[in-house]
Undergrad: 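Before I ask anything, here is the structure I am working with.
Each ligand, and each atom within it, is numbered from 1 in the order the structure gives.
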Amino acid sequence: MHIGDRIVKWYEQQGRDMPWREVHDPYLIWIQEVVMQQTRIEQGVGYYERFVARFPDLKTLAEAPLDEVLKYWEGLGYYSRARNLHAAAQQLVSEHGGIFPRDPQALMRLKGIGPYTARAIASFAFGAETGVIDGNVLRVMARVLGDDSPINQPRTRKAFQGIIDTWVQGVPSRAFNHGIIDLGATVCTPTQPGCLLCPLETACVARAEGHTHLLPFKEKKGPKPVRYFHFYMVHDARGARLIRQRPAQGLWGGLWEIPNAEVEAEAFQRQLDPRGGDYCFSLRHIFTHFEMQIGVYTLPTPAAAGWEGQFVSPEKISTFAFARAVLNIFSRWEKNAPQTGLL
Ligand code: SF4
């Protein structure tokens with residue numbers, strides 16, 4: 001039997017029952033796919049539900065202020081996802097009359113929509129015969145094909161895309177794509193795959209050759225570079241805190257933060273602040289491309305004279321959207337303040 005047919009048949013009998021799989025609205029599928037990237041399902045579901053309750057359709061999202069969209073994303077990380085959702089919603093309204101294109105290539109021309117999301121929308125909303133490749137699917141494919149090309153390289157992804165697009169021809173695309181994702185998540189697991197339960201067992205090269213434990217192969221990356229920052233807690237006489245908004249583009253674009261500056265490793269390690277701040281505590285934050293070591297310092301208000309930003313009272317501060325690292329600083333500060341008298 002053709003690989004596509006085997007996967008569809010298996011999915012109809014064994015696939016995971018998830019409520020959102022009944023949804024065929026491209027807008028809801030898009031939001032769900034973007035929220036769930038880099039996010040645990042348990043955490044993502046709450047964000048998704050709050051987001052679509054406030055922005056139930058494309059027009060509402062396109063017309064909303066970016067600050068409010070970011071507020072609904074607060075704590076989820078990778079804030080460019082929220083900025084891109086907002087920009088692409090505006091693009092869809094202004095350039096496509098508020099209608100999603102059905103073709104993955106046209107979807108990929110929208111801000112922030114990459115190959116995975118474009119194909120997920122095209123397949124799950126419109127039934128397009130295209131394969132949707134995530135980490136689970138890469139693992140299944142590497143094993144079935146007995147292919148040891150590094151799966152973290154774009155060229156491997158491209159080659160696998162060409163192959164999966166042939167597997168999905170002539171079979172129901174939604175069932176096929178949900179099926180192969182589920183197969184990777186529940187049977188062809190990273191360690192100890194359940195080959196005896198797998199519909200692809202007789203087609204699988206890794207199984208036949210006894211190599212399932214060696215695949216998929218990933219090229220090792222070096223350690224992340226480390227950068228050092230001092231973040232400053234500045235309060236005025238009424239206890240209002242100095243905050244400022246980041247530029248729209250780049251790291252934490254459009255979010256709010258407390259003043260901060262990059263420093264040399266030595267100044268960070270020796271707790272020497274170039275502005276004469278008093279050291280409070282340290283923490284770290286991991287980004288995809290670097291590790292941020294954060295030293296938190298207090299500064300008296302006059303030392304911050306001339307800095308851009310605004311003083312915001314403790315009651316109002318929760319109405320601004322901050323990055324997770326800044327929220328972590330606030331939370332540590334609140335825990336430390338009673339013992340140290342820093343507040
Ligand atoms: S036979 Fe085993 S290794 Fe091959 S796809 Fe199925 S579960 Fe994965």
Side-chain angles (χ1 to χ4, degrees), residues 1-22 29 32-33 36-42 44 104 114-124 127-221:
M1 197 194 290
H2 174 263
I3 285 188
D5 287 321
R6 293 193 209 192
I7 290 173
V8 168
K9 195 161 167 235
W10 177 85
Y11 176 69
E12 283 162 357
Q13 293 163 355
Q14 314 275 339
R16 292 179 294 181
D17 193 13
M18 296 182 178
W20 58 79
R21 287 190 170 168
E22 302 310 316
I29 290 168
Q32 184 244 316
E33 291 294 340
M36 293 302 177
Q37 285 161 20
Q38 320 277 348
T39 306
R40 284 176 294 107
I41 290 186
E42 317 81 72
Y116 171 83
T117 310
R119 292 193 167 93
I121 297 169
S123 169
F124 300 147
E129 287 185 347
T130 184
V132 179
I133 297 188
D134 71 356
N136 285 315
V137 175
L138 283 171
R139 181 169 59 255
V140 173
M141 291 189 73
R143 287 173 173 167
V144 170
L145 299 166
D147 190 325
D148 63 1
S149 312
I151 57 161
N152 48 348
Q153 286 294 339
R155 64 175 186 278
T156 309
R157 239 187 147 94
K158 197 169 168 210
F160 280 18
Q161 187 68 55
I163 295 167
I164 197 173
D165 285 348
T166 65
W167 290 357
V168 73
Q169 294 308 307
V171 297
S173 156
R174 286 187 193 100
F176 170 84
N177 282 309
H178 287 316
I180 193 163
I181 289 168
D182 284 4
L183 192 65
T186 63
V187 177
C188 192
T189 47
T191 54
Q192 300 187 326
C195 300
L196 293 174
L197 305 171
C198 178
L200 305 181
E201 190 194 3
T202 55
C204 180
V205 175
R207 168 73 170 158
E209 295 181 349
H211 289 155
T212 57
H213 61 295
L214 298 177
L215 294 171
F217 174 68
K218 264 192 198 171
E219 244 161 35
K220 292 250 182 307
K221 292 184 188 154

Undergrad: Taking only heavy atoms of Arg143 into account, list the atoms of ligand 1 that are under 4.0 Å away from them.
TA: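 Matching atoms, with element in brackets: 3 (S).
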Undergrad: Starting from atom 3 (S) of ligand 1, find the nearest protein heavy-atom neighbour and note its residue, name and distance.
TA: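 Going atom by atom, the protein heavy atom closest to atom 3 (S) of ligand 1 ends up being Thr212 CG2, 3.4 Å.
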Undergrad: Please list, in number order, the atoms of ligand 1 under 4.0 Å from a heavy atom of Glu201.
TA: 1 (S)
Undergrad: Is atom 8 (Fe) of ligand 1 under 2.8 Å from any N, O or S atom of Cys195?
TA: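 No - counting backbone and side chain alike, Cys195 has no N, O or S atom under 2.8 Å.
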Undergrad: Quick one about Gln37 and Thr117 (side-chain donor to acceptor, distance below 3.5 Å, no hydrogens or angles considered), yes or no?
TA: yes
Undergrad: Under 2.8 Å from atom 4 (Fe) of ligand 1 - does any N, O or S atom of Cys188 fall there?
TA: no
Undergrad: So, for Pro150 and Thr156, which heavy atoms are closest and what is the spacing to 0.1 Å?
TA: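 Here Pro150 and Thr156 meet closest at O-OG1, 2.6 Å.
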Undergrad: Identify the protein heavy atom lying closest to atom 6 (Fe) of ligand 1, giving its residue, its atom name and the separation to 0.1 Å.
TA: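 Atom 6 (Fe) of ligand 1 sits closest to the protein heavy atom Cys198 SG, 2.4 Å.
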Undergrad: Tell me which protein heavy atom sits closest to atom 4 (Fe) of ligand 1, plus the residue, atom name and distance to 0.1 Å.
TA: Cys204 SG, 2.4 Å
Undergrad: Which residue in the set Ile164, Ile181, Val132 passes side chain to side chain contact (heavy atoms under 4.5 Å, CB included) when paired with Phe176?
TA: Ile164
Undergrad: Would you confirm whether Arg21, through its side chain, and Arg16, through its main-chain N or O, come within 3.5 Å as a donor-acceptor pair?
TA: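 Yes; at least one donor-acceptor contact below 3.5 Å.
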Undergrad: Are Asp165 and Gln169 linked by a side-chain donor-acceptor pair shorter than 3.5 Å?
TA: no
Undergrad: Taking atom CD as the centre, does Gln192 end up with more than 12 heavy-atom neighbours from other residues, nucleotides or ligands that are less than 6.0 angstrom away?
TA: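 No, the 6.0 Å shell around CD holds no more than 12 heavy atoms from other groups.
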Undergrad: With heavy atoms of Val144 as the reference, note each atom of ligand 1 found under 4.0 Å away.
TA: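 It comes down to these atoms of ligand 1: 5 (S).
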